[in-house]
> 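Can you keep this structure in mind? I'll have questions shortly.
Position 1 is the first residue of the sequence; numbering continues from there.
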Amino acid sequence: MSACVPARADSARIKHVHPPHSPPPGGSRRFRVAGADVSAAVAVFLIALPLSLGIALATGAPLQAGLVAAAVGGIVAGRIGGCPLQVSGPAAGLTVVTADLIQRYGWRTTCAITVLAGLAQLGLGCLRVARSALAVSPAIVHGMLAGIGVTIAVAQLHIVLGGTPQSSVPDNLVALPAQLANLHPADLAVSVLTLTLLLLWPRIPGRAGQVLGRLPAALIAVAGATAVAALTGLILPKVDLPSWSSHALAALPDGPVLGLVAAVLTTTLVCSVQSLLGAVAVDKLVAARPAQAGHVKRSDLDRELLGQGAANIVSGSLGGLPVAGVAVRSSANVAAGAVSRNSTMLHGVLVVIATLLLVPALELIPLASLAALVMAVGLKMVSLNHIRTVTRHREVLVYAVTTGGVVFLGVLEGVALGIAVAVGVALHRLTRTRITHHEAEGVHHVHVRGQLTFLAVPRLSRLLHQVPQGADAVVELDGSFMDHAAYETLQDWQKTHTAQGGSVDISGRRPGTRISEPAETEGCRCRPWTPWRNHQCDRPPAAPPPGTDRQATTGGPRGRSRSGPVGKGPGTASGTAAAETAVHKTTGGTTAPATGPSTPGAPGAPGTPGTPDGPAGSARPAGGELARGISAFHRNTAPLMRRELARLAREGQQPSQLFLTCADSRVVTSMITSSGPGDLFVVRNVGNFVPLPGQESGDDSVAAAIEYAVDVLKVRSLTVCGHSGCGAMQALLGAGHAGPGDRGTPLQRWLRHGLPSLDRVHADADAGSDAADHTGSRPRPRPRLAGRGIADAAEQLCLANVVQQLEHLRAHASVARALRSGDLELHGMYFDVGEAQSYLLAQDAEGGVFELVPGIDLTA
C-alpha cells in the first residue's frame with residue numbers, strides 16, 4: 001500500500017496543526033505567571049520574611065533556619081502539595097514542639113527528626129489516610145493551638161522585657177516578677193512601638209487607609225521599629241545571620257530510641273493536622289471569593305500530605321525548621337487574588353533572593369521587635385471565636401483540658417489528654433438520658449431526652465408504669481438512637497396499655513421509628529417531606545379480603561386509622577371520591593405531573609399519582625395518600641410544631657417576605673428556603689406571572705395579594721421565583737397561549753401574561769436588533785446563569801420571565817410607593833429542580849445574572 005493512501009476513510013478530515021513536510025512544534029511551552037500570582041507572591045513574601053525570623057527566634061534555632069523553611073515550604077510544598085493556594089513554612093503552631101526538641105536533643109538532631117517526620121508524612125500520604133486526620137475533634141485542635149499560643153506569648157514576653165525565656169511555661173511565670181523588676185527600657189520601647197504599629201496600621205481611616213492598608217502590618221511594624229532603633233542609636237540585641245558556610249545541617253539522630261520515636265510522632269501529628277485543617281480552610285476562603293476571581297481546584301488532601309512530607313525532608317536536610325501550612329500567609333495569598341500555585345512558589349523564590357541579597361538590612365532588625373511580633377501571633381491563636389464555638393457545642397471541657405495540657409505538660413501529652421476527655425464526653429452523652437413524666441389536661445406526657453439504650457431501660461420502665469391504666473399517653477422521643485432492649489420495652493408497654501383501653505401516641509425526631517409497625521416495615525425512614533409515592537411502608541395490600549378491618553392501629557389516640565378516616569378507607573368508593581374532591585380543592589383543580597416536561601394539568605400524564613402507568617402501586621386512590629399524609633403529620637410533625645403554631649395563632653401572621661412562584665408541585669417553597677410557619681407569604685400561579693395593572697385578565701388575585709402583602713402585612717421583600725422544566729414556559733414556546741381577540745381556554749388566556757417575557761428573549765441586544773419587547777421598551781441583553789451555560793430555550797425563557805415579572809411588580813402602585821420609601825426590596829430567584837440548586841439575581845449586573853447561592857457557615 002502506498003504511503004500516500006489514507007489508512008482510514010475519514011483521515012482526510014484530519015487537520016494539520018503544522019505545515020506538511022515540516023517537523024511539529026517543540027513540546028516545551030513558555031512558562032507564564034499571571035499578574036495576580038505575582039502581586040500575591042509579593043504580599044505573602046512581605047509577611048513571611050519577618051514571621052520566619054521571629055519563629056526561628058522563638059524556637060531557639062539559628063535564624064537562617066526560618067528562612068530556609070520558608071523558601072522550601074514555598075517552592076517544594078507549593079509545587080507538590082495538593083492545595084494550590086496554601087502557603088507552607090515555619091508555623092507558630094510548631095514553635096513549642098521545635099523548641100522542646102532543640103533543648104532536649106540539639107539543633108542537628110532536631111533537623112534529623114524533621115526529616116524522619118517528613119518520611120512518615122510521605123508514608124501516610126501513600127496510605128491515603130489524610131481524611132482520617134480530620135476526624136480529630138475541632139475542640140482538640142483549637143485547644144492545642146491555644147495552648148501553643150499561650151506558651152509562645154509567655155516565652156516571648158521575657159524577650160520583650162529584655163530578658164531570656166525559660167524552658168517551660170511554669171518556669172517563665174516564676175521568673176516573670178524578677179524580669180519585671182529588671183526590665184530594659186530600650187527593648188521595651190521597641191516592642192511597644194512594634195505592637196502599636198501592628199495594631200493601628202490596619203485601622204488607618206479614610207482613603208489613605210485603603211491605600212496604605214495594602215502593605216502588611218507585620219512588615220510595617222518590624223520596619224518601623226527597626227528604623228526608629230537605627231535613627232535613635234538604641235543599643236539592643238539584633239538579628240545575627242552567620243555565614244552560610246557555617247550553617248548547621250542535619251546529622252544522624254542521637255538519643256534514646258523511644259524519645260526519638262515520640263518526637264517524630266509529635267512532629268508528624270502537629271505538622272499534618274495543621275496542614276490538612278489549613279487546606280480545608282483555604283478551600284472555604286476560595287469558595288467565598290467572587291466567581292470572576294478565577295477557578296481553583298479543591299484540595300487533594302493526600303497529595304497535600306505528600307507535599308508537606310517532601311518539604312520537611314528537604315527543609316530538615318538543609319538545616320531548616322519543620323514545615324506546615326500557615327494560616328496567616330495562606331489567607332493573605334487568597335485575599336491577594338492568587339489563582340494558581342505559582343504565587344506560593346514565587347514567594348519562596350523571593351525568600352531565597354532576600355536571604356542572599358538583604359542580609360545587611362535583616363541584621364538591623366532588633367530581636368525585641370521580632371519577639372513582640374511573635375507574641376502577638378501567639379495571642380491571636382487563643383481565638384475568642386473558637387471559644388464561643390466550642391461553648392455552643394458543649395465541648396468547652398475538651399478545649400480547656402487540651403489547652404492546659406499543652407501549656408503545662410507538652411503538645412503530645414495535651415493532645416492525648418484532650419482525646420481522652422473527648423471520648424469520655426461522647427460516652428457520657430451516649431449514656432446520659434433524661435426521662436420525665438408529667439400530666440397536662442388529662443394526658444400523660446413521657447419525655448425521653450437523649451439516646452435510649454439498655455442503660456436507660458429501668459428508668460424508662462418505671463416512669464411508663466406510672467401512667468394509669470386506660471389513660472391517654474404521649475411518649476416524646478427526643479434522640480437519634482434506640483437500641484433493641486429499649487425498643488422491646490416500649491413496644492411491650494404500648495401493647496399492654498392499649499389492650500387495657502388506653503391510647504399511646506409516640507412522636508419524636510425519628511419519624512420512621514414506629515413501635516407498632518409490622519415486621520416488614522420496620523426499616524421505613526419516612527420524613528415529613530418525603531413524597532407520597534415513596535411511602536412504600538404505608539401502602540396497604542392491593543386486594544384485602546372482604547370484611548377485613550383495614551384500620552390498623554398506629555399508636556394514635558383511640559382508633560386513629562393508618563389508611564384513612566373511619567369508614568372511608570381508600571378501598572371504598574365513597575372514600576375515594578371524597579378524597580379526590582379534597583385534593584381537587586386543595587390544588588386549585590390542577591394536577592401537575594411528577595416528572596417530565598408534560599403540560600401541567602394534562603390528564604393521565606406519566607408519573608401522575610393515581611394513574612395506571614405511574615410507579616408501582618400508584619393505582620391506589622389519591623385520597624388514601626392525602627389521608628396518610630395528614631395522619632403522618634399528626635403523628636410525627638404536629639407534636640413538634642404545636643407550640644410554635646399556637647403562638648402564631650395568638651399573635652397573627654407577620655411574614656417578612658412575599659414569595660411569588662409557580663404552582664408546580666416540585667417547587668416546595670418552605671424546603672428550598674429553609675423557612676417555617678409565618679415566614680413566607682406565598683402566592684402561586686401557573687408560570688409565576690404578575691399581570692400588569694389595568695390589563696384585562698379576569699383575575700385580580702395576584703394584584704390583591706401584592707397589595708395585601710405590601711400595605712397590610714408590611715413585608716420587607718418581594719421575591720419572584722422561576723424554576724427549571726416549567727410547563728408554562730414550554731407552552732409559551734409552543735404557542736400555547738390565546739391569540740389577540742381569541743377567547744381560548746382559561747389557561748390559554750392566562751398564558752398571555754407571559755408574552756412580554758417571550759418578546760424579551762426574542763430581542764437580540766448583542767446583535768443590535770431593533771426589535772422591541774411587548775411593552776415597547778428598547779432591546780436588553782438576555783439574562784444568564786453564572787458558572788454554566790443555558791440548557792435550552794425553555795430555561796432561557798424562565799430566566800427572562802423572572803426579570804420581566806420584577807418589572808411588572810414595579811408598575812404596581814403599592815410596590816412603587818414602598819420602593820421609593822426604601823421599605824421594600826425586590827429579588828429574582830431561579831431554582832434548578834434536577835440539581836436542587838438556587839440562583840439569585842444579581843442587582844447590579846446588566847441584563848440579569850443569576851448567581852449560585854454560596855454556602856454559609858451557620859455556626860459563625
> Under a plain distance cut-off of 3.5 Å, with no hydrogens placed, do Gln308 and Ser88 share a side-chain donor-acceptor pair?
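Checked: Ser88/Gln308 side chains pair up, N/O donor to acceptor below 3.5 Å.
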> What closest approach, in Å, do Thr267 and Ala117 show between heavy atoms, and which atom pair accounts for it?
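It is CG2-CB, 3.8 Å.
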> Please lay out, stage by stage, how Tyr839 and Glu851 fare under the test side-chain contact (heavy atoms from CB on, under 4.5 Å).
CA-CA 5 Å; Tyr839 298 79; Glu851 297 179 344; 5.8 Å; no
> Nearest 0.5 Å, what's the CG-CG distance between Leu373 and Leu195?
8.5 Å
> Determine whether Leu306 and Cys126 make a side-chain contact, defined as any pair of heavy atoms from C-beta on separated by less than 4.5 Å.
yes
> Measure from the side-chain N and O atoms of Ser315 to the backbone N and O of Ala311, and report whether any donor-acceptor pair falls under 3.5 Å.
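No: the side chain of Ser315 does not pair with the backbone of Ala311.
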> So, Ser330 side chain and Val282 main chain: donor-acceptor pair closer than 3.5 Å or not?
no
> Which heavy atom of Asn172 sits nearest a heavy atom of His158, and at what distance?
O-NE2, 3.0 Å
> Would you confirm whether Trp201, through its side chain, and Leu212, through its main-chain N or O, come within 3.5 Å as a donor-acceptor pair?
yes
> Quick check on Leu357: does its CG atom have over 12 non-hydrogen neighbours (other residues, nucleotides or ligands) under 6.0 Å away?
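Above 12, so yes.
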> Decide yes or no for Ile148 and Val406: does some side-chain heavy atom of the first lie under 4.5 Å from some side-chain heavy atom of the second?
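Side chain of Ile148 against side chain of Val406, heavy atoms only: contact under 4.5 Å found.
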> Report the C-alpha separation of Thr114 and Asn312 in whole Å, then their side-chain angles, then the decisive distance to 0.1 Å, and conclude whether the side chain to side chain donor-acceptor pair (under 3.5 Å) test is met.
CA-CA 6 Å; Thr114 302; Asn312 275 313; 5.7 Å; no
> Can you tell me how far the CD1 atom of Ile47 sits from the CG atom of Leu219, to the nearest 0.5 Å?
9.0 Å
> Measuring only between side-chain heavy atoms, which start at C-beta, is Leu94 closer than 4.5 Å to Cys271?
yes
> Can you find a heavy atom in the side chain of Ile80 that is under 4.5 Å from one in the side chain of Glu304?
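No, every pair of side-chain atoms sits at 4.5 Å or beyond.
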> How about CZ on Arg303, more than 12 heavy atoms from neighbouring residues, nucleotides or ligands closer than 6.0 Å, or not?
yes
> Using 4.0 Å as the upper bound for N to carboxylate O, is an ion pair formed by Arg788 and Asp832?
yes
> Specify the closest pair of heavy atoms between Ala371 and Leu57, including all atoms of both residues, with the distance to one decimal.
N-CD2, 4.1 Å
> Which atom pair, heavy atoms only, marks the closest approach of Gln156 to Val374?
CG-CG1, 4.1 Å
> Side chains of Ile159 and Thr164, heavy atoms from C-beta outward: is any pair under 4.5 Å?
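The answer is no, as the side chains (C-beta and beyond) never meet within the 4.5 Å cut-off.
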> Taking atom CZ of Phe831 and atom CD of Gln837, what is their separation to the nearest 0.5 Å?
8.5 Å
> For side-chain contact (heavy atoms from CB on, under 4.5 Å), just list the numbers for Ile152 and Met375, CA-CA rounded to whole Å, side-chain angles, deciding distance to a tenth of an Å, and then say yes or no.
CA-CA 6 Å; Ile152 292 173; Met375 185 178 71; 5.9 Å; no
> Please examine the side chains of Leu346 and Asp37, heavy atoms only from C-beta on, and report whether any two atoms are closer than 4.5 Å.
no
> Can you tell me how far the CG atom of Leu124 sits from the CG atom of Leu119, to the nearest 0.5 Å?
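Going from CG on Leu124 over to CG on Leu119, the span is 11.0 Å.
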> Tell me if a side-chain donor or acceptor on Ser299 pairs with a main-chain N or O of Leu301 at a distance below 3.5 Å.
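Checked: no pair found.
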> Has Thr109 got a side-chain atom pairing as donor or acceptor with Gly106's backbone, closer than 3.5 angstrom?
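The answer is no, because no donor-acceptor pair under 3.5 Å joins these two groups.
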> Can you find a pair of side-chain heavy atoms, one from Thr355 and one from Val359, that are under 4.5 Å apart?
no
> In Å and rounded to the nearest 0.5 Å, what is the CG to CE distance from Leu417 to Met144?
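Here the rounded value is 14.0 Å.
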> Run the side-chain contact (heavy atoms from CB on, under 4.5 Å) check on Arg388 and Thr391 step by step: do they pass?
CA-CA 5 Å; Arg388 284 193 293 265; Thr391 302; 5.7 Å; no
> Return yes if some donor-acceptor pair links the side-chain N/O of Arg394 with the main-chain N/O of Val390 below 3.5 Å, else return no.
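No, because the side chain of Arg394 does not come within donor-acceptor range (under 3.5 Å) of the backbone of Val390.
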> Check step by step if side-chain contact (heavy atoms from CB on, under 4.5 Å) holds for Leu85 and Thr344.
CA-CA 7 Å; Leu85 300 189; Thr344 303; 5.7 Å; no
> Closest heavy-atom contact between Ala48 and Arg329?
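Shortest heavy-atom contact: CB-CD, 3.6 Å.
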> Indicate whether the side chain of Thr59 and that of Thr95 have a donor and an acceptor atom separated by less than 3.5 Å.
no
> Could you check Val150, Leu157, Thr151 and say which one makes a side chain to side chain contact (heavy atoms under 4.5 Å, CB included) with Val154?
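In the set Val150, Leu157, Thr151, the residue that makes a side chain to side chain contact (heavy atoms under 4.5 Å, CB included) with Val154 is Val150.
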> For the residue pair Val421 and Leu397, establish whether any side-chain heavy-atom pair is separated by less than 4.5 Å.
yes
> I'd like to know if the side chain of Arg341 reaches the main chain of Gly81, judged simply by a donor and an acceptor atom lying under 3.5 Å from each other, with no hydrogens or angles considered.
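Side chain of Arg341 to backbone of Gly81: a pair is present.
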> Nearest 0.5 Å, what's the CG-OG1 distance between Leu145 and Thr402?
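Going from CG on Leu145 over to OG1 on Thr402, the span is 10.5 Å.
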> Checking side-chain polar atoms at under 3.5 Å, does Asn333 have a donor or acceptor matched by the opposite partner on Ser343?
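There is such a pair (donor and acceptor under 3.5 Å, judged by atom type) between the side chains of Asn333 and Ser343.
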> Check whether the side chains of Thr268 and Gln121 place a donor and an acceptor atom closer than 3.5 Å, and report yes or no.
no
> Looking at every heavy atom in both Gln274 and Ala91, which two are closest together, and how far apart are they?
NE2-CB, 3.4 Å
> Kindly say whether Gly60 contributes a backbone atom to a donor-acceptor pair with the side chain of Trp107 at under 3.5 angstrom?
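Not confirmed, Trp107 side chain does not pair with Gly60 backbone.
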